[in-house]
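Okay, so here's the structure we're looking at.
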Amino acid sequence: MGEKKKKIVKTIKVDLDKCNGCRACEVACSAFHAAPKYSSNNPARSRIRVIHEPLRDVYVPVYAGEYAKAECMGRDKYVIDGKEYDECSFCRASCPSRDLFKEPDSALPLKCDMCEDDPPQEKPLCVQWCLNDALTYEEREEEVEEEVKQEDVERGLDSMIDKYGLDKVMDTVTRMALSKKG
Ligand code: SF4
Ligand code: SF4
């Protein structure tokens, strides 16, 4: 068991009734994460995507979640207001079965980071630019186990190993460790 730590849990509440599909959230997110910041915008680089089926008239903003190394064994299918959506439409994972939530040039996974910044933003950019108030930001404090951080490191390494291969990643880590010692 690890040590208990206080952690701020950040939540974005999505109200589908208020979303009109303007996609300002996608533009704001991709511009905020561009390098340099605000130098470009491209919804394909956004960590929030608005899923819309033209004939089925509902807009669902979906946030980029965890990286998945392999496709999952099952499939999710949603019916909303009697309208059936494509399989996996609302899944948050960056996974091998589709292009969603992957950096278009490098194919590295994208994940919502709640616009962590220094100095911190008052609210995430997608919330700031959602003029219809479909997105609402909330924070609360919780006690969590330290180990959570270790899982994050492993997930990040997994994704790098998939992209560059174990040998390259090992070489780089060894070289970095030696340079820090020396
Ligand atoms: S919280 Fe920030 S990183 Fe996450 S989707 Fe919104 S703008 Fe993008
Ligand atoms: S900015 Fe708000 S209203 Fe526009 S698509 Fe995004 S969530 Fe929906």
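These values consider heavy atoms only, across backbone and side chains, with no hydrogens, waters or symmetry-generated copies. Counting convention: from 1, in listed order, for ligands and their atoms alike.
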> Heavy atom under 4.0 Å from ligand 2: found in V14's side chain, backbone, both, or neither?
Replying inline: neither

> When you look for heavy atoms under 4.0 Å from ligand 2, do you find them on the side chain of C130, its backbone, both, or neither?
Replying inline: both

>> Can you tell me if I12 contacts ligand 1 (heavy atom of the residue under 4.0 Å from the ligand)?
In response: yes

> Are V14 and L135 close enough, and set up right, to give a side chain to side chain contact (heavy atoms under 4.5 Å, CB included), and what steps lead you there?
Replying inline: CA-CA 5 Å; V14 181; L135 309 176; 3.9 Å; yes

> What atoms of ligand 1 come within less than 4.0 Å of a heavy atom belonging to Y63?
Replying inline: 5 (S), 6 (Fe)

>> Tell me if a side-chain donor or acceptor on Q128 pairs with a main-chain N or O of K123 at a distance below 3.5 Å.
In response: yes

> Which ligand 2 atoms does P61 reach within 4.0 Å, using its non-hydrogen atoms?
Replying inline: 7 (S)

>> Let me check your reading of the structure: within less than 2.8 Å of atom 4 (Fe) of ligand 2, is there an N/O/S atom from C19?
In response: no

> Any Lys/Arg nitrogen of E87 or R98 sitting under 4.0 Å from an Asp/Glu carboxylate oxygen of the other?
Replying inline: no

> To which protein heavy atom is atom 6 (Fe) of ligand 2 closest, and what is the distance rounded to 0.1 Å?
Replying inline: C25 SG, 2.4 Å

>> Distance under 4.0 Å to a non-hydrogen atom of I48: what atoms of ligand 1 satisfy this?
In response: 5 (S)

> So which of C29, C112, C126 gets nearest to atom 4 (Fe) of ligand 1, if we judge by its closest heavy atom?
Replying inline: C112

>> Could you check whether any side-chain heavy atom of K111 comes within less than 4.5 Å of a side-chain heavy atom of R47, counting everything from C-beta outward?
In response: no

>> Taking 4.0 angstrom as the limit and counting only heavy atoms of N132, give me the atoms of ligand 2 inside it, by number and element.
In response: 3 (S)

> Which heavy atom of the protein is the closest neighbour of atom 1 (S) of ligand 1, given with residue, atom name and distance?
Replying inline: P124 CB, 3.3 Å

> Salt-bridged, R140 to E138, with N to O below 4.0 Å?
Replying inline: no

>> For a side chain to side chain contact (heavy atoms under 4.5 Å, CB included) check, start with the C-alpha distance between W129 and V27, then their side-chain angles and the critical distance, and finish with the verdict.
In response: CA-CA 9 Å; W129 283 94; V27 172; over 6 Å; no

> With atoms numbered from 1 as shown, which atoms in ligand 1 lie under 4.0 angstrom from a non-hydrogen atom of D113?
Replying inline: 3 (S)

> Taking 4.0 angstrom as the limit, do E66 and R92 come out as a salt bridge?
Replying inline: no

> About how many Å separate CG of L166 and CG of L157, when rounded to the nearest 0.5 Å?
Replying inline: 9.5 Å

> How close does the nearest protein non-hydrogen atom get to atom 2 (Fe) of ligand 1, and which residue and atom is it?
Replying inline: C115 SG, 2.2 Å

> C25 and side-chain contact (heavy atoms from CB on, under 4.5 Å): which partner among I12, I48, L125?
Replying inline: I48

> Relative to each other, are the rings of Y85 and F90 parallel, tilted or perpendicular (30° and 60° limits)?
Replying inline: tilted

> What are the atoms of ligand 2, with element, lying closer than 4.0 Å to any heavy atom of R23?
Replying inline: 4 (Fe), 5 (S)

> Taking only heavy atoms of V50, which atoms of ligand 2 are found under 4.0 Å from at least one of them?
Replying inline: 5 (S)

> Atoms of ligand 2 less than 4.0 Å from L135 heavy atoms?
Replying inline: 7 (S)

>> With a 4.5 Å cut-off on side-chain heavy atoms, are M114 and Y137 touching?
In response: yes

>> Please compare R45, E116, H33, Q121 and report which has the shortest non-hydrogen distance to atom 3 (S) of ligand 1.
In response: H33

